[in-house]
K.L.:
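Handing you this structure, nothing more for now.
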Amino acid sequence: MKFISKPSEGLQGEIKIPGDKSISHRALICASISEGTSKISNLQESEDVINTLNSLKQLGVNIFKENESYFVEGKGFRGLKKPENQLYFGNSGTGVRLMSGLLSIQNFSSSLTGDESLSKRPMKRIIEPLVEMGANISGSKEDTLPLHIVPSKKIIGINYEMPIASAQVKSAILFASLGAKGETKITEKSISRDHTERMFEYFGASITYSATETKLKDTEKFISQDIEVPGDFSSSAFFMVAALISKNSNITLKEVGMNPSRIALINKLKEMGGNIQVFNHSLFGKEPIADINVKSSILHACEVVPEDVPNLIDELPVLFVACSFAEGTSNFYEIEELKHKESDRLKAMQEGLDKMKINNFFEDSIFCIEGKGKDYKSPNFLAETYYDHRIAMSFAIAGLNSSSSIEISAPESINTSFPEFIDLGKTLGCNFELS
Ligand code: S3P
């Protein structure tokens with residue numbers, strides 16, 4: 001498969017963005033351990049989410065699709081059954097880390113694996129707190145996949161101070177806490193996304209949470225719920241940047257998740273001069289949503305400080321693209337977590353920016369990008385994506401402002417989170433060619 005992105009005449013139109021990845025994982029898992037049947041609409045049908053869905057099926061949960069919605073027949077906290085094979089989570093850190101928490105409280109053993117990229121990612125960050133809770137979970141010598149879990153006699157709630165801002169780690173602890181004796185309290189220095197807290201509350205858990213502290217008390221059961229998954233803010237980010245940096249653009253993205261712990265990119269792009277309007281505010285369950293209108297804009301450089309980082313961690317690659325077509329030098333502080341994502345995203349983006357002839361350097365924990373302004377056209381090149389969906393989509397957006405084209409390596413990776421990306425992009429006027 002060959003994917004080429006070429007200069008566009010401008011983006012126009014209105015689209016509905018498919019469901020959020022983080023919320024889709026949580027909706028499936030919470031529904032599977034609730035009592036009764038839950039209906040999930042607008043579930044993200046990406047490879048990551050489908051791997052979690054298939055793992056839940058292997059654990060004995062009946063999940064089926066009818067009229068565009070998914071129905072999940074919940075088994076309660078203790079009703080899952082031992083899987084016959086290893087559970088495979090593909091590329092998904094969220095899938096494997098959240099499910100590790102849940103599997104740690106089951107009375108059967110399980111093993112969890114993933115693809116080449118996931119097999120290199122750090123799991124010590126979940127193993128340590130889960131072991132502290134009494135779980136029997138171990139990884140490879142390097143604390144990577146496969147993870148092996150054997151039943152534990154006693155899981156206890158913990159008081160955990162998070163060493164890094166990570167919603168995946170926080171959520172692994174919260175899922176394990178559903179089977180723990182006593183209260184769990186998690187404190188964070190920086191704020192990570194709170195979708196698990198909101199979903200637990202929706203399913204009836206005894207949970208309280210603020211920006212930096214989450215407390216979960218003994219919760220006996222979850223009651224099944226109907227869930228409408230908001231559009232994925234991180235998917236929207238690619239088209240937001242595309243419209244800002246392309247001439248003659250005016251697009252509207254409908255029903256996008258506006259969880260405050262996810263939307264720092266909007267404020268950053270507005271500070272840069274982006275013409276962005278957010279309207280039609282509403283709620284899907286406990287999650288805020290809204291429509292977003294974005295028009296072509298002249299952008300200026302930005303500063304991303306450490307407190308911003310967890311809130312726009314997944315949007316950094318495409319923000320680097322926006323900064324390349326902005327006036328002035330942008331600075332990003334303490335973005336090292338990027339090295340531990342689906343690829344080493346700092347390295348992958350630096351390589352691509354070098355090919356775009358955009359000066360960039362990483363020194364003393366500060367990443368700098370010298371933008372070349374709105375009229376700059378990137379030279380043609382082949383972007384090496386390291387099979388990372390967000391790297392692929394970021395350089396596809398850069399291609400819209402190239403002198404003739406940017407080719408994207410391994411475009412199949414886009415199916416990890418946004419299989420509709422190319423078709424929806426074309427609907428808006430992106431000059432994408434797939435052959
Ligand atoms: C996610 C949390 C983030 C994010 C990932 C999804 C989640 O990871 O990068 O794409 O759904 O909880 P970390 O929690 O590891 O930072």
Side-chain angles (χ1 to χ4, degrees), residues 19-30 43-44 46-49 51-52 89-102 114 117-118 120-130 143-145 160 162-175 186 188-200 209 214 229-230 232-238 257 259 261-265 287 306-319 334-346 348-349 388-394 413-414 416-418:
D20 182 86
K21 177 152 75 71
S22 294
I23 299 173
S24 294
H25 282 291
R26 289 158 171 84
L28 282 171
I29 304 173
C30 290
L43 186 83
Q44 182 181 103
S46 64
E47 284 178 357
D48 272 13
V49 172
N51 279 322
T52 291
F89 290 92
N91 200 244
S92 179
T94 304
V96 84
R97 292 192 176 119
L98 270 52
M99 287 299 292
S100 296
L102 179 61
S117 144
L118 189 58
K120 288 189 204 133
R121 292 178 65 185
M123 294 298 148
K124 190 170 175 189
R125 51 182 66 193
I126 54 158
I127 294 174
E128 273 182 355
L130 292 176
D143 286 319
T144 54
L145 300 187
Y160 195 66
M162 298 272 295
I164 42 164
S166 165
Q168 293 178 357
V169 175
K170 181 175 59 174
S171 304
I173 298 170
L174 287 173
F175 274 106
I186 304 169
E188 298 184 275
K189 283 189 224 77
S190 320
I191 308 164
S192 65
R193 63 190 70 188
D194 63 3
H195 301 303
T196 304
E197 293 88 319
R198 286 173 193 252
M199 190 72 76
F200 273 30
Y209 53 99
T214 304
V229 180
D232 195 317
F233 182 83
S234 301
S235 300
S236 310
F238 297 103
N259 182 309
S261 62
R262 289 283 294 283
I263 55 169
L265 178 79
E287 293 281 352
E307 303 82 79
D308 295 331
V309 174
N311 196 313
L312 45 64
I313 187 79
D314 291 342
E315 289 70 67
L316 282 172
V318 80
L319 181 55
E334 296 181 20
I335 56 168
E336 282 84 349
E337 257 306 294
L338 272 192
K339 298 182 181 181
H340 306 295
K341 294 296 175 185
E342 286 82 330
S343 70
D344 177 343
R345 286 188 174 154
L346 187 55
M349 286 307 295
D388 183 328
H389 54 132
R390 298 200 202 283
I391 303 297
M393 291 186 276
S394 298
S413 68
I414 294 171
T416 294
S417 67
F418 197 1

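Note that these values count all heavy atoms, side chains included, but never hydrogens, waters or copies made by symmetry. Counting starts at 1 for both ligands and their atoms, following the listed order.
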K.L.:
Any Lys/Arg nitrogen of K341 or D388 sitting under 4.0 Å from an Asp/Glu carboxylate oxygen of the other?
P.N.:
no

K.L.:
Is S261 reaching over with its side chain to a backbone N or O of D194, donor-acceptor style, under 3.5 angstrom?
P.N.:
yes

K.L.:
Determine, step by step, whether L174 and E197 satisfy the side chain to side chain contact (heavy atoms under 4.5 Å, CB included) criterion, reporting the C-alpha distance in whole Å, the side-chain angles of both residues, the deciding distance to 0.1 Å, and the verdict.
P.N.:
CA-CA 8 Å; L174 287 173; E197 293 88 319; 4.3 Å; yes

K.L.:
Kindly confirm or rule out an N or O of S166 lying under 3.5 angstrom from an N or O of ligand 1.
P.N.:
yes

K.L.:
Going by the atom numbers of ligand 1, which of them fall below 4.0 Å from some non-hydrogen atom of A167?
P.N.:
12 (O), 14 (O)

K.L.:
Enumerate the atoms of ligand 1 whose separation from the nearest heavy atom of I313 is less than 4.0 angstrom.
P.N.:
9 (O)

K.L.:
Do any nitrogen or oxygen atoms of Q168 come within less than 3.5 Å of a nitrogen or oxygen of ligand 1?
P.N.:
yes

K.L.:
Against heavy atoms of K341, which atoms of ligand 1 measure under 4.0 Å?
P.N.:
3 (C), 4 (C), 8 (O), 9 (O), 13 (P), 15 (O), 16 (O)

K.L.:
Counting only N and O atoms by type, is there a donor-acceptor contact under 3.5 Å from the side chain of D20 to the main-chain atoms of I23?
P.N.:
yes

K.L.:
To check your reading of the model: name the closest protein heavy atom to atom 12 (O) of ligand 1, its residue, and the distance in Å.
P.N.:
R26 NH2, 2.6 Å

K.L.:
Looking at S24 and Q44, would you say the former's side chain and the latter's main chain have a donor-acceptor pair under 3.5 Å?
P.N.:
yes

K.L.:
Is the closest basic N to carboxylate O distance between K189 and E334 below 4.0 Å?
P.N.:
no

K.L.:
Starting from atom 11 (O) of ligand 1, which protein heavy atom do you reach first, and at what distance in Å?
P.N.:
S22 OG, 2.7 Å

K.L.:
Among protein heavy atoms, which sits nearest to atom 10 (O) of ligand 1, and what does the distance come to when rounded to 0.1 Å?
P.N.:
D314 OD2, 2.8 Å

K.L.:
Can any side-chain N or O of N311 pair as donor or acceptor with the backbone N or O of A264 at less than 3.5 Å?
P.N.:
yes

K.L.:
Check R193 against ligand 1 and report side chain, backbone, both or neither, counting heavy atoms closer than 4.0 Å.
P.N.:
side chain

K.L.:
Using a 3.5 Å cut-off on N or O atoms only, is T94 in polar contact with ligand 1?
P.N.:
yes

